[in-house]
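Report on the following structure.
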Amino acid sequence: MSVDLNMNVLIVDDYKTMLRIIRNLLKQLGFQNIEEASDGSQALKMLKSGKYGLVISDWNMEPMTGLQLLREVRNDENLKKLPFIMVTAESKSENVIAAKEAGVSNYIVKPFNAETLKGKLVSVLGEF
Amino acid sequence: MASRAVDKDLDQRLEALAQDSDGRVRIADIKEVVHALMDTLRGDVTATELRAYRELEGLVHYIEQARQDIASLRPDEIQSDYIPKATDELDAIVSATEQATNDILDAAEQIETMAEEHPEMGDRLMEVTTRIYEASNFQDITGQRVNKVVNMLKHIEQKVGDLARTFGLELEEAAEPQGEAAEAPATAPDDERPDADLLNGPQQEGTAKNQAEIDALLASFD
């Protein structure tokens with residue numbers, strides 16, 4: 001089954017420039033509906049009030065970090081199966097392990113390229 | 001030889017220091033105690049006591065010299081002037097690179113529109129814009145690295161204040177002492193986020209895990 005490119009994708013980052021870059025790369029891959037949040041708490045509100053097929057989140061944000069958001073998502077009965085990709089500059093093993101234990105679907109370290117992003121999307125969502 | 005009464009007085013001073021100092025003793029207090037200890041050695045002294053006396057005298061001189069050296073560094077200027085200016089300069093770098101990156105992204109988005117208008121060049125133009133988007137990642141990393149430096153400067157500021165206080169120098173805006181840290185933190189000292197201890201920011205090349213290593217680590221969970 002191919003990926004529904006019309007699904008709502010939520011990208012979460014406190015750097016507007018980074019949101020713009022990820023949005024543009026996703027558009028190039030064919031995704032049509034991309035929404036943005038600037039931290040975990042705003043993202044959580046959006047996730048609870050809308051229908052999303054994927055979250056791509058930074059880690060280091062205030063007041064709610066990406067890891068906190070991930071834990072909230074996994075603890076929510078309606079959201080717990082939502083694909084969640086962390087895109088972050090945090091590249092220590094302890095970070096990757098903490099994210100994996102919290103239930104991250106995949107992990108991209110910044111700076112990344114379009115091929116890496118596409119590869120992770122395929123591994124999480126399937127071919128498209 | 002020193003009398004027991006003087007020894008008792010010295011004991012009381014040390015006891016008072018231990019109770020009032022909360023684990024941190026001011027150099028000025030140490031100096032005072034050393035002087036008091038030297039006083040106990042007056043009168044008939046043995047060769048050993050004389051050596052001890054000279055050592056203590058040297059220690060007093062060393063403490064006074066260190067205090068003067070630190071005062072001449074003008075720690076108040078480091079706190080009030082140099083560090084705030086350095087952080088302002090770093091903030092300006094982030095602002096300028098962010099503005100430049102957004103200008104570059106504006107141009108790339110225009111090229112993307114041109115790709116739609118000129119399908120014969122579409123793939124090539126899309127490739128070019130993808131490269132631009134990928135390269136623009138640097139802005140995020142630059143911002144995070146600069147924030148790490150700002151936090152390190154704040155840490156240095158705090159340590160300078162601690163050092164100045166230890167040597168009895170007055171700093172009007174000195175920060176409260178904090179515990180020792182083996183490594184300057186990447187986050188502000190007052191960061192209360194529950195995973196603040198995991199926030200290290202970008203690592204140096206060679207230290208950082210690359211994508212392949214992260215993939216291998218993730219795969220080890222399967």
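Quick note on labels: first sequence line is chain A, next is B, and so on, each numbered from 1. From a predicted model like this one, the values you see are computed outputs, not experimental measurements.
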- Task: With side chain to side chain donor-acceptor pair (under 3.5 Å) as the test, would you mind laying out the steps for A:Ser91 and B:Glu213 before giving the verdict?
- Result: CA-CA 10 Å; A:Ser91 60; B:Glu213 290 169 323; over 6 Å; no
- side-chain contact (heavy atoms from CB on, under 4.5 Å) between B:Asp106 and A:Arg20: does it pass, once the steps are laid out? CA-CA 10 Å; B:Asp106 285 342; A:Arg20 195 171 171 185; 2.4 Å; yes
- Message: Evaluate A:Glu115 against B:Glu134 for side-chain contact (heavy atoms from CB on, under 4.5 Å), listing each step before the verdict.
- Response: CA-CA 10 Å; A:Glu115 193 184 335; B:Glu134 287 172 345; 5.6 Å; no
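When all heavy atoms of B:Leu218 and A:Lys100 are compared, the pair lying nearest together is CD2-CD, 3.7 Å. Across every non-hydrogen atom of B:Lys209 and A:Ser93, the tightest pair is CE-OG, 2.7 Å. Annotation for A:Gln68 and B:Pro194: closest pair NE2-CG, 3.3 Å, computed over non-hydrogen atoms. Closest of all the heavy-atom pairs between B:Glu112 and A:Asn24 is OE2-O, 4.5 Å. Of all heavy-atom pairs between A:Met61 and B:Arg193, the closest is O-NH1, 2.8 Å.
The environment of OH in B:Tyr82 is sparse: at most 12 heavy-atom neighbours from other residues, nucleotides or ligands sit within 6.0 Å. Other residues, nucleotides and ligands contribute only 12 or fewer heavy atoms inside 6.0 Å of the CD atom of A:Glu77. Around atom OH of B:Tyr62, no more than 12 heavy atoms belonging to other residues, nucleotides or ligands sit under 6.0 Å away.
Under a 3.5 Å cut-off, the side chain of A:Glu90 and the backbone N or O of B:Leu199 do not form any donor-acceptor pair. With A:Asn95 contributing its side chain and B:Leu198 its backbone, the two residues share a donor-acceptor pair below 3.5 Å. Side chain of B:Asn137 to main chain of A:Phe112: a donor-acceptor pair is present (N/O by atom type, distance under 3.5 Å, no hydrogens or angles). In this structure a side-chain-to-backbone donor-acceptor pair under 3.5 Å is present from B:Gln211 to A:Tyr107.
Highest contact tally toward chain A, considering only B:Gln139, B:Glu109, B:Gln144, B:Met126, is held by B:Glu109 [criterion: heavy-atom pairs under 4.5 Å]. For chain A, the option among B:Ala135, B:Gly143, B:Ser220 with the highest count of heavy-atom pairs below 4.5 Å is B:Gly143. Of the listed residues A:Glu94, A:Lys120, A:Gln28, A:Glu62, the one with more heavy-atom pairs under 4.5 angstrom with chain B than any other is A:Gln28.
Using a cutoff of 4.0 Å between basic side-chain nitrogens and carboxylate oxygens, B:Asp195 and A:Arg71 are not scored as salt-bridged. One finds no salt bridge joining B:Asp140 and A:Lys16 here, because no Lys/Arg side-chain nitrogen approaches an Asp/Glu carboxylate oxygen to under 4.0 Å.
With contacts defined as side-chain heavy-atom distances shorter than 4.5 Å, the pair A:Val109/B:Asn210 does not qualify.
Looking at A:Ile108, the atoms closer than 4.5 Å to chain B (heavy atoms on both sides) sit in the backbone and in the side chain alike. For a residue to count as touching a neighbouring chain, one of its non-hydrogen atoms must lie under 4.5 Å from one of that chain's; by this rule B:Glu192 does not touch chain A. For A:Ile97, the parts sitting under 4.5 Å from any heavy atom of chain B are the backbone and the side chain alike. When heavy atoms are compared at a cutoff of 4.5 Å, A:Ala98 approaches chain B solely by way of its side chain, counted from C-beta outward.
To the nearest 0.5 Å, atom CD1 of residue A:Ile21 and atom CZ of residue B:Phe138 are 8.5 Å apart. Interatomic distance, A:Asn60 CG to B:Asn147 CG, rounded to the nearest 0.5 Å: 8.0 Å. A distance of 10.5 Å separates OG1 in B:Thr129 from NZ in A:Lys27, rounded to the nearest 0.5 Å.
Checked against A:Thr17 for a side chain to side chain contact (heavy atoms under 4.5 Å, CB included), the options B:Leu105, B:Ile104, B:Thr97 give a single hit: B:Leu105.
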